Amino acid sequence: MSPVSYELRENIGVITVDNPPVNALSHAVRVGLVDVINQAQADDSQALLLICAGRTFIAGADISEFGKPPQEPFLPDVLNAIEQSNKVIVAAIHGQALGGGVETALACHYRCAADTAKVGLPEVNLGLLPGAGGTQRTPRLAGAKAALDLILSGKPISADKAKDIHLIDAVFAAQDLEAQSLAYVKNLVDTNAPVRRTSEQVSDSEEIDSTLFDDYRKTYAKKLRNQFAPQLIVDCVEAALQKPFEDGMKIERAAFLQCRASEQSAGLRHIFFAERQAAKIKDLPRGTAPRKIQSVAIIGAGLMGGGIAMNFANVGMPVKMLEINQESLDKGLANIAKIYQGMATKGRISAEEASARTALISGTTSYEDLSEADLVIEAVFESIDVKKDVFTKLDKVCKPGAILATNTSYLDIDQIAQFTNRASDVLGLHFFSPAHIMQLLEIVRADKTSDEVMTTVMALARQIKKVPVQARVCYGFIGNRMLRQYQREVQMCLIEGATPAQIDKVMMDWGMAMGPLMVADLAGLDISYKARQALSDEQKGDPKSYRIPDVLYEMGRIGQKSGSGYYIYDPETKARTADPSVDDIIEREAANFGVTRQPMSDEVVLNRLTLSLINEGFKILEEGIAQRASDIDVVYCFGYGFPKYRGGPMFFAQSRGLDKVYQDICAYRDTHGPMYWTPSKLLQSLAETGQTIDEWEKENAS
Ligand code: 3HC
């Protein structure tokens, strides 16, 4: 049965798209639309209304079709057929009209929307551009600037805002949308309103500054570094203003096809689906009911605890923070109030919202006050003895059924669970700093964590707008375990000949959000030094992999906060400059290890750093620490600044070729020894058999 149906309601032909879950424009929908448009031209209808069933209007092209051979009719042709209809067509939008959904609405002659609806062109988030007339029709209605803002930001706007910029003609109360839209169409018929084709409209004569397009090009060259879709979007919108519609459409089509075939779009599309997959836990019995979480307690009101607390206050949930003394508690609460005030000053939230959120977070110094909390998250010092103290106390005071979580980055959560008499209620909730901003949440499932607890926290994570990924227990879980290998290799490259500025530049140019040594300076070399002190020599590994940060720490160069670390920082502007004396320190320490430093090519730096991540990623997958390879990609892209347009380390490895990746790792093992470069067995087997990660996962699922 076609997902597009058609019925006559009096003199109006109503076209309904019903393609759950989000009415994506799959091949069947495109065929159905063309069929009903043709049918409607010849029947008794006097005008047409396009609506959607289910939770939303059309949410775009079907992204899963993009990697496959294209099938006619193509969307631009379908939309052309809609626009060329001799009968007036009106779109009625509810939920979200996104991407191809907006383009469909723009091809209709008039547009109504529910007051709760959102309208957006998010293609840029997938490394694409609106490819069915969006870059040509939007500026004709909204003007170049509003069109560029909408398309380049990729962010949906409200129905009212869309009406302000002339994309929508009428906004109705959500519950009356269908009835009101029908009345709207009837009124068009009664008043003999003409067919109004967007393609025939001339963009409003808004004054276009001669630098407008170049300014957008420059801004987005920085904002979406290395990505070419944003630059092509500007070209297309510029063409919309300068050329006839048909010529603009040809330019858009060529640019769209270029984007669709690109590795950048493949990477971003992979991450789109990976993010949604990560929220699903494979072995949870269907129908496991979550527990109710209505109040949260946080142990520790430091930066991490405060950031975690804000996540819950942001969605209206009361939070109690516990500190060991009133002074630390007051400091933590004041810090949160300051952050909320800052958000209000910047206009991100209203002053009332800032006060309301601040008021949701209260404090205590007594464990007794946590007895009613549904969820407790501990964010105290990383020491197993301190955790033991906290969890023993929690076990005594918390009500039955409360979930007890640790925010530890490395410690053994199975061991922590044993400090209580309710191991099935214990798990890790690993937030990333700053916890109120970073999207990733590693959910560490310990040996005895119950299905019910897992179901609860996965749902809760979505509620607080995090991107959750399940990890099992091991040192560093998914993210930090890989990070350790990456950081180790950074240090080895320094000792062998690379410089801090070179390493950071190579990784930034490649697309990482920050260079690894910039990150180290920002996080503070004191933090990593103290964490190292808790490790045995064996855990610390080769001294070459930590000698330089030890020396910098001992010199008081602890990073940005002390004005120097791997770099020097201007006390006023915090501007970073390379420091030749650090190169001298590295030279001296390398000599102490008997290493003669040699210049290292950028290519080698990049290879060693990415391969160190990838090899560990495969080990994590083969050990079952991560459920699937794409979960590892989500962790790295959402928590560690890995470029999403490269799809994450595992996707990048697959697209580079697993045999090539394996050979390179073997070559490093042969020159640097097996200590850090033993290839993962899984990687070896895939490289030797030619099986892809996907194929291996499917085989193992059965
Ligand atoms: N194509 C195929 N599948 C899609 C899809 C799409 N455009 N949009 C969503 N889905 C799938 C999701 O993968 C998910 O599948 P799953 O249940 O198997 O995991 C399911 O629909 C539900 O999606 P969400 O979990 O994301 O549901 P939400 O309610 O949280 O969000 C949404 C709904 C806001 C519509 C969100 O899914 C979304 O942002 N979708 C993508 C929208 C988009 O990017 N559109 C542009 C596409 S490109 C395009 O149109 C090109 C054109 O210009 C030619």
Side-chain angles (χ1 to χ4, degrees), residues 3 17 19-30 33 52 54-68 70-71 73-80 82 93-107 116-138 147 150-158 229 232-233 236-237 249 252-262 264-266 268-282 439 458-459 461-463 465-468 628 630-631 634 644:
V17 177
N19 185 29
V22 297
N23 290 315
L25 290 156
S26 62
H27 178 244
V29 172
R30 299 197 303 275
L33 281 172
C52 288
R55 67 198 220 213
T56 181
F57 192 74
I58 299 165
D62 186 333
I63 305 167
S64 64
E65 284 183 0
F66 283 151
K68 302 174 188 157
Q71 274 183 296
F74 300 135
L75 191 57
D77 301 329
V78 177
L79 301 195
N80 193 38
I82 292 180
I93 298 170
H94 76 289
Q96 312 238 9
L98 297 177
V102 171
E103 294 176 298
T104 306
L106 296 185
T116 49
K118 291 262 165 66
V119 171
L121 288 160
E123 286 88 342
V124 72
N125 301 328
L126 299 168
L128 298 168
L129 48 87
T135 66
Q136 302 304 298
R137 290 193 177 93
T138 314
L150 187 67
I151 304 173
L152 286 167
S153 74
K155 291 200 180 107
I157 54 174
S158 68
L232 291 176
I233 287 169
C236 290
V237 174
M249 284 300 283
E252 181 193 85
R253 185 76 188 148
F256 177 77
L257 293 179
Q258 183 187 345
C259 290
R260 197 183 65 183
S262 69
Q264 292 193 350
S265 178
L268 286 161
R269 290 187 327 251
H270 165 76
I271 285 297
F272 174 85
F273 288 116
E275 181 189 343
R276 282 154 182 83
Q277 277 291 97
K280 296 171 191 156
I281 298 183
K282 285 182 187 170
Q439 280 184 289
M458 288 314 272
R462 298 288 288 252
Q463 195 188 337
K465 301 186 176 68
K466 292 287 175 200
V467 175
R628 35 179 108 77
S630 62
D631 283 9
V634 172
K644 287 186 187 153

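Hydrogens, waters and symmetry mates are skipped; everything else that's a heavy atom, side chains included, is used. Counting starts at 1 for both ligands and their atoms, in listed order. Numbering of residues begins at 1 and proceeds along the displayed sequence. Bear in mind the structure is a predicted one, so any value in this text is a computation, not a measurement.
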If you measure from [atom] to every heavy atom of [options], which option wins on shortest distance?
{"atom": "atom 2 (C) of ligand 1", "options": "Thr135, Leu129, Asp62", "result": "Asp62"}
{"atom": "atom 44 (O) of ligand 1", "options": "Gly99, Pro122, Ala97, Gly133", "result": "Pro122"}
{"atom": "atom 30 (O) of ligand 1", "options": "Arg269, Arg276, Arg462", "result": "Arg462"}
{"atom": "atom 7 (N) of ligand 1", "options": "Gly60, Ser26, Ala61", "result": "Ala61"}

### Task
Using atom types as modelled and distance alone, determine if a side-chain donor or acceptor of Arg55 lies under 3.5 Å from a backbone N or O of Gly95.
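Side chain of Arg55 to backbone of Gly95, a donor-acceptor pair under 3.5 Å: no, none is there.
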Which ligand 1 atoms are under 4.0 Å away from a heavy-atom of [X]?
{"X": "Glu123", "answer": "48 (S), 49 (C), 50 (O), 51 (C), 52 (C), 53 (O)"}
{"X": "Glu103", "answer": "52 (C), 53 (O), 54 (C)"}
{"X": "Phe272", "answer": "8 (N), 9 (C), 13 (O), 40 (N), 41 (C)"}
{"X": "Arg55", "answer": "22 (C), 27 (O), 28 (P), 29 (O)"}
{"X": "Phe273", "answer": "13 (O)"}
{"X": "Pro21", "answer": "20 (C), 21 (O)"}
{"X": "Lys280", "answer": "16 (P), 17 (O), 18 (O), 19 (O)"}
{"X": "Leu98", "answer": "34 (C), 35 (C), 39 (O), 42 (C)"}

### Nearest-0.5 Å distance, CG of residue Asn125 to OG of residue Ser265
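One gets 11.0 Å once the value is rounded to the nearest 0.5 Å.
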### Message
Rounded to the nearest 0.5 Å, what separates atom OG1 in Thr116 from atom CD in Gln96?
### Response
10.0 Å
Min side-chain heavy-atom separation [X]-[Y] under 4.5 Å:
{"X": "Pro76", "Y": "Leu79", "answer": "no"}
{"X": "Lys118", "Y": "Leu98", "answer": "no"}
{"X": "Ile151", "Y": "Leu129", "answer": "no"}
{"X": "Phe273", "Y": "Ser64", "answer": "yes"}
{"X": "Leu25", "Y": "Leu33", "answer": "yes"}

For [atom], what is the closest protein heavy atom, and at what distance to 0.1 Å?
{"atom": "atom 5 (C) of ligand 1", "result": "Val22 CG2, 3.7 Å"}
{"atom": "atom 45 (N) of ligand 1", "result": "Ala59 O, 2.9 Å"}
{"atom": "atom 1 (N) of ligand 1", "result": "Ile63 N, 2.9 Å"}

### Message
If we count only N and O atoms by modelled type, under 3.5 Å, do the side chains of Ser630 and Gln277 hold a donor and an acceptor together?
### Response
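Result is no, nothing qualifies.
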### Query
Does ligand 1 have a heavy atom under 4.0 Å from the side chain of Leu126, from its backbone, from both, or from neither?
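Side chain only.
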### Query
Can you find a non-hydrogen atom of Gln277 under 4.0 Å from ligand 1?
no
### Query
Does Gly134 come within less than 4.0 angstrom of ligand 1, counting non-hydrogen atoms of the residue?
no
#### Entry: More than 12 heavy atoms of other groups within 6.0 Å of Arg462 CZ
no
### Query
Does the protein put a heavy atom less than 4.0 Å from atom 24 (P) of ligand 1?
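Yes, because at least one protein heavy atom sits under 4.0 Å from atom 24 (P) of ligand 1.
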